[in-house]
Structures are given as structure tokens and as C-alpha cells.
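A quick write-up on the structure given underneath.
Residue numbers begin at 1 in each chain, while the letters A, B, ... track the order of the sequences.
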Protein chains: 2
Amino acid sequence: MEVADTRTRIRAVAIELFTTQGYEQTSLREIADRVGVTKASLYYHYPSKQELLLAVLRPLVVEWRQAVDAAEALPHTPANVRWALENCLDTMLRHRSACALFIRDTAAILATVQPLWAELLELSARLNSWLAGPSPTSADRIRAVAATETLGVALTSTALMPDVPEDELRRTLLESAAAVLGLRRARTRPVDARAAKPA
Amino acid sequence: MEVADTRTRIRAVAIELFTTQGYEQTSLREIADRVGVTKASLYYHYPSKQELLLAVLRPLVVEWRQAVDAAEALPHTPANVRWALENCLDTMLRHRSACALFIRDTAAILATVQPLWAELLELSARLNSWLAGPSPTSADRIRAVAATETLGVALTSTALMPDVPEDELRRTLLESAAAVLGLRRARTRPVDARAAKPA
DNA sequence: GTCTATACCAGGATAGAC
DNA sequence: GTCTATCCTGGTATAGAC
């Protein structure tokens with residue numbers, strides 16, 4: 001592989017420009033120029049701008065699905081809920097830029113890659129429904145959505161609170177989400193995981 | 001005014017198409033066709049697509065500013081915090097479609113109408129800083145952002161939980177935001193508004 | 001003052017030469 | 001695997017009809 005092969009470089013430039021400027025705001029010419037090829041050459045490697053976007057977003061969706069699968073496999077106990085929140089938050093933090101794209105560019109992505117978007121919606125629906133617990137009231141369901149939304153703050157936080165250290169962010173958001181769900185404060189280790197059900 | 005004047009009809013069609021399809025995804029031709037005029041005619045009434053977007057978004061920003069101003073004018077007591085959350089939530093609900101546009105189309109709007117966007121950022125910064133209270137810790141600041149984000153659920157809720165009645169949504173979200181901020185459960189009337197400070 | 005016709009340029013996409 | 005040339009659509013600008 002004498003080249004840092006063009007295909008890979010295109011993807012790298014795309015992820016950078018998409019996440020800094022947005023998807024619609026980034027032209028193929030811009031990407032091509034930065035890579036040092038022509039627009040037409042991009043089309044040799046990726047059949048469309050859409051596919052390029054997919055190549056950027058797919059890894060996040062894959063991991064996110066694993067996180068939701070993992071949560072669903074567990075019984076809905078307070079300790080498990082805490083663990084699931086943590087796992088989801090970490091997944092988001094790991095793919096921070098792709099997540100930000102998803103959030104900032106919702107309309108464009110929705111219009112562009114509908115199937116991927118649909119999967120993401122379905123995944124968050126499953127997560128929310130697990131978080132709401134068995135036979136949930138409307139309030140339980142609302143709280144579940146509110147809790148996941150709370151974790152989403154991790155993504156806007158870089159812009160709003162650049163000086164806050166990541167571990168404190170992580171800890172506080174987890175506590176906030178737990179508070180929304182009516183869980184009491186965390187113990188150091190997840191003990192008595194089978195006691196009373198959450199409010 | 002024999003006509004439901006063209007200018008107004010353009011704006012009405014724009015708000016509808018922008019909010020259902022997104023800003024970038026809506027072409028001027030589409031709007032013009034729906035109104036029954038040509039693209040060029042749009043330009044007589046609005047100097048650019050941007051201006052049309054501004055005309056749609058401006059009312060929300062105006063009211064939002066009033067809500068933040070009102071909050072800042074009050075001392076940071078638990079009762080006042082509750083009242084501010086409520087007021088902000090209601091503002092969002094009143095301008096639900098414009099809010100949704102702002103959230104779904106962030107990247108496009110950011111790129112298109114930077115000054116408006118900047119004002120919105122500044123307003124939410126002010127609101128968050130008021131919510132965090134005087135001399136806040138990092139955790140207080142994070143919680144403030146998490147609480148406002150919680151209210152934002154009102155906007156996604158229509159899609160995720162279409163069957164939940166609005167008043168229950170409103171009540172539960174306010175309680176969730178209060179839980180994030182560490183306020184205890186609401187009394188029917190805001191009594192003893194000057195007692196202990198929130199965690 | 002309100003609108004149409006028309007032309008311009010940028011961006012996504014395709015065909016075909018090298 | 002990369003380029004040139006070309007097409008179509010969308011935002012924009014202007015001249016001019018009514």
C-alpha cells in the first residue's frame with residue numbers, strides 16, 4: 001500500500017469537514033481539493049455523497065446497537081439501569097464527532113440516509129423502552145426519554161463548557177440521568193440490585 | 001387587503017415546508033409553486049432564502065429573550081427556578097415548530113444565519129448560568145445544562161410519544177428538570193420561597 | 001408596486017478518454 | 001485510478017411587462 005490510500009484519505013477529510021461545517025455545507029469540490037484530486041475521482045471511490053456520509057456514520061450506529069442490545073439483555077434493576085446509562089454515555093463520548101453530526105445535521109441526514117436514520121430511531125426507541133421498565137406509566141416513558149437526553153448533553157458540552165473536565169462531566173451527567181429516573185444516589189459498588197423498584 | 005397577501009402566504013408555506021422537510025431540503029421553486037408564483041417573485045418579497053428563514057425564526061427568538069430576561073430579573077430561589085423552567089418550557093411549546101427547526105437544522109442554520117444563532121446561544125448561556133445559581137460548581141453548571149436539555153424533550157416527544165397528553169408531558173418534564181437540579185417535589189403553591197438553597 | 005422571463009453560477013452526478 | 005467535459009438542479013440577479 002504505497003499510498004495512504006485515496007479512499008481512506010477521502011473518508012478522513014470528509015469526516016473532518018462534515019463535522020466542522022455540516023454535511024450540506026460541505027461540497028464535494030472542497031473535499032476533492034483538500035485530498036488533491038478532482039470531484040469525479042471521488043465518484044470512483046464512493047458512488048455518491050450519501051455513501052460517503054454513510055461510511056462516516058456507520059461505525060457509530062454499529063456500536064450503539066451493541067450498547068442497546070447489551071442493555072436489553074439485562075433485567076431492569078437499578079444497578080443495571082445505571083450500568084446501561086454509563087455504557088451508552090461512553091459510546092457517545094467515543095464517537096463524539098459522529099454523534100454531533102447526527103444531532104446537528106438531523107434534517108439533512110434524515111433526508112439523505114433515511115434507512116440509517118430509521119435504525120437509529122429504532123435503537124433509541126428500544127433503549128428508552130427498556131429504561132422505562134416493565135409496564136411503564138406515561139411518566140416513566142417521559143422520564144426515560146428525558147434521561148437519555150440528559151446524556152446527550154455530553155455532546156453539546158464541549159461547546160458550552162469547554163473547561164469542564166471529562167470525568168466530572170461523565171459523573172454528573174450519570175447522576176442527573178439517575179435523578180430523572182428516580183434512582184437514589186449511587187453506591188460505590190452496585191449492591192442489593194434486586195430490592196425496591198424505581199418510582 | 002383583498003389578498004391573503006402574497007408575502008404572508010409565502011411565509012406560511014415556508015414555515016410549513018422548512019419544518020417538515022428541513023431548510024436545505026426545501027427549494028425556492030417548491031415554495032413558489034405551492035404559493036402559485038415564480039421563484040423570482042419570491043425575491044421581490046424576501047431578498048434571499050436566508051431572509052425568509054429569518055422571518056420564520058425571529059418571533060421565537062424574541063419571545064425566548066423575554067423569557068430569559070424575566071428569569072434573570074428574579075433571585076435564584078427554588079420557587080423562582082421552578083417558575084423559570086415552566087416559563088421556558090411554555091415558550092418552547094408555543095413555538096414548537098420553529099424550535100424543532102432550530103434543533104433539527106442546527107448545522108444549516110448556523111451556517112446560514114450566524115447572528116441569530118449567536119443570539120440564541122447567548123440566551124441559552126445566560127439561562128444556564130442563571131439556573132446554575134450564584135457561584136456555581138462545575139457540577140451545578142452541568143446540571144443546569146442537563147435541566148434545560150430535559151425540557152427540550154418536549155420537542156422530540158411528538159415523534160417519540162405521540163399518545164402522551166401534553167399536560168402530563170409538561171408536568172413530568174418539569175419534575176424531571178427539577179430532579180436534575182436537586183429541587184424537592186413541588187408544592188401546589190410556591191410557598192417558603194426563601195428557605196434552603198438547592199444542593 | 002407586483003410579478004415574469006431569462007440568464008448566471010455553484011454543486012451533485014455521469015460518460016468517456018487516458 | 002484519475003481526468004475532462006457535460007448535464008441538471010437550485011439559489012441569485014436583473015430587465016422589463018403590467
Sorted by chain and residue number, the side-chain hydrogen bond (donor to acceptor under 3.5 Å, both in side chains) partners of B:Q50 (sequence neighbours excluded) come out as none
Can you give me every donor-acceptor pair (side chain of residues 151-165 of chain B, partner residue at least two apart or in another chain, under 3.5 Å) with its distance?
| from | atom 1 | to | atom 2 | distance (Å) |
| --- | --- | --- | --- | --- |
| B:T156 | OG1 | B:V153 | O | 3.2 |
| B:S157 | OG | B:V153 | O | 3.4 |
| B:S157 | OG | B:A154 | O | 2.5 |
| B:T158 | OG1 | B:R96 | NH1 | 3.2 |
| B:D163 | OD2 | A:R141 | NH1 | 3.4 |

Looking at every non-hydrogen atom in both residues, tell me the closest pair between B:D105 and B:Y23 and how far apart they are. OD2-N, 2.6 Å
Which nucleotide in the set D:dG10, D:dT12, C:dG12 lies at the smallest distance from any side-chain heavy atom of A:L28? C:dG12
Rounded to whole Å, please give me the gap between CD in A:E24 and P in C:dA10. 19 Å
Starting from A:Y44, walk the hydrophobic network (Ile, Leu, Val, Met, Phe, Trp, Tyr; side-chain heavy atoms closer than 4.5 Å) and list everyone else you reach, by chain and number. none
In chain order, what residues pass the side-chain contact (heavy atoms from CB on, under 4.5 Å) check against A:A32, with sequence neighbours excluded? A:V37, A:L42
Taking DNA chain C as the partner, which of residues 102-114 of chain B come within under 4.0 angstrom of it by heavy atom? none
Applying side-chain contact (heavy atoms from CB on, under 4.5 Å) to A:T148 and not counting sequence neighbours gives A:L127, A:N128, A:L131
If the condition is side-chain hydrogen bond (donor to acceptor under 3.5 Å, both in side chains), which residues does B:D90 pass it with, not counting sequence neighbours? B:R170
Pair up each side-chain donor or acceptor in residues 115-124 of chain A with any protein partner under 3.5 Å, not counting sequence neighbours, and list the distances.
| from | atom 1 | to | atom 2 | distance (Å) |
| --- | --- | --- | --- | --- |
| A:E119 | OE1 | A:R65 | NH1 | 3.2 |
| A:E119 | OE2 | A:R65 | NH1 | 2.4 |
| A:S124 | OG | A:L120 | O | 3.2 |
| A:S124 | OG | A:L121 | O | 3.1 |

Sorted by chain and number, sequence neighbours left out, side-chain hydrogen bond (donor to acceptor under 3.5 Å, both in side chains) with B:E16 holds for B:R34
Check the interface with nucleotides 16-18 of chain D: list each N/O to N/O pair with the protein under 3.5 Å, or write none.
none

If you look only at distance, which donor and acceptor atoms sit under 3.5 Å apart when one is on a side chain in residues 53-64 of chain A and the other is two or more places apart or in another chain?
| from | atom 1 | to | atom 2 | distance (Å) |
| --- | --- | --- | --- | --- |
| A:E63 | OE1 | A:R94 | NE | 3.0 |
| A:E63 | OE1 | A:R94 | NH2 | 2.6 |
| A:E63 | OE2 | A:H95 | NE2 | 2.8 |

Could you write out each protein N or O paired with an N or O of nucleotides 1-7 of chain C at a distance under 3.5 Å?
| from | atom 1 | to | atom 2 | distance (Å) |
| --- | --- | --- | --- | --- |
| C:dT2 | OP2 | B:Y44 | OH | 2.5 |
| C:dC3 | OP1 | B:T6 | OG1 | 3.0 |
| C:dC3 | OP2 | B:H45 | NE2 | 2.5 |
| C:dT4 | OP2 | B:T38 | N | 3.0 |
| C:dT4 | OP2 | B:T38 | OG1 | 2.7 |

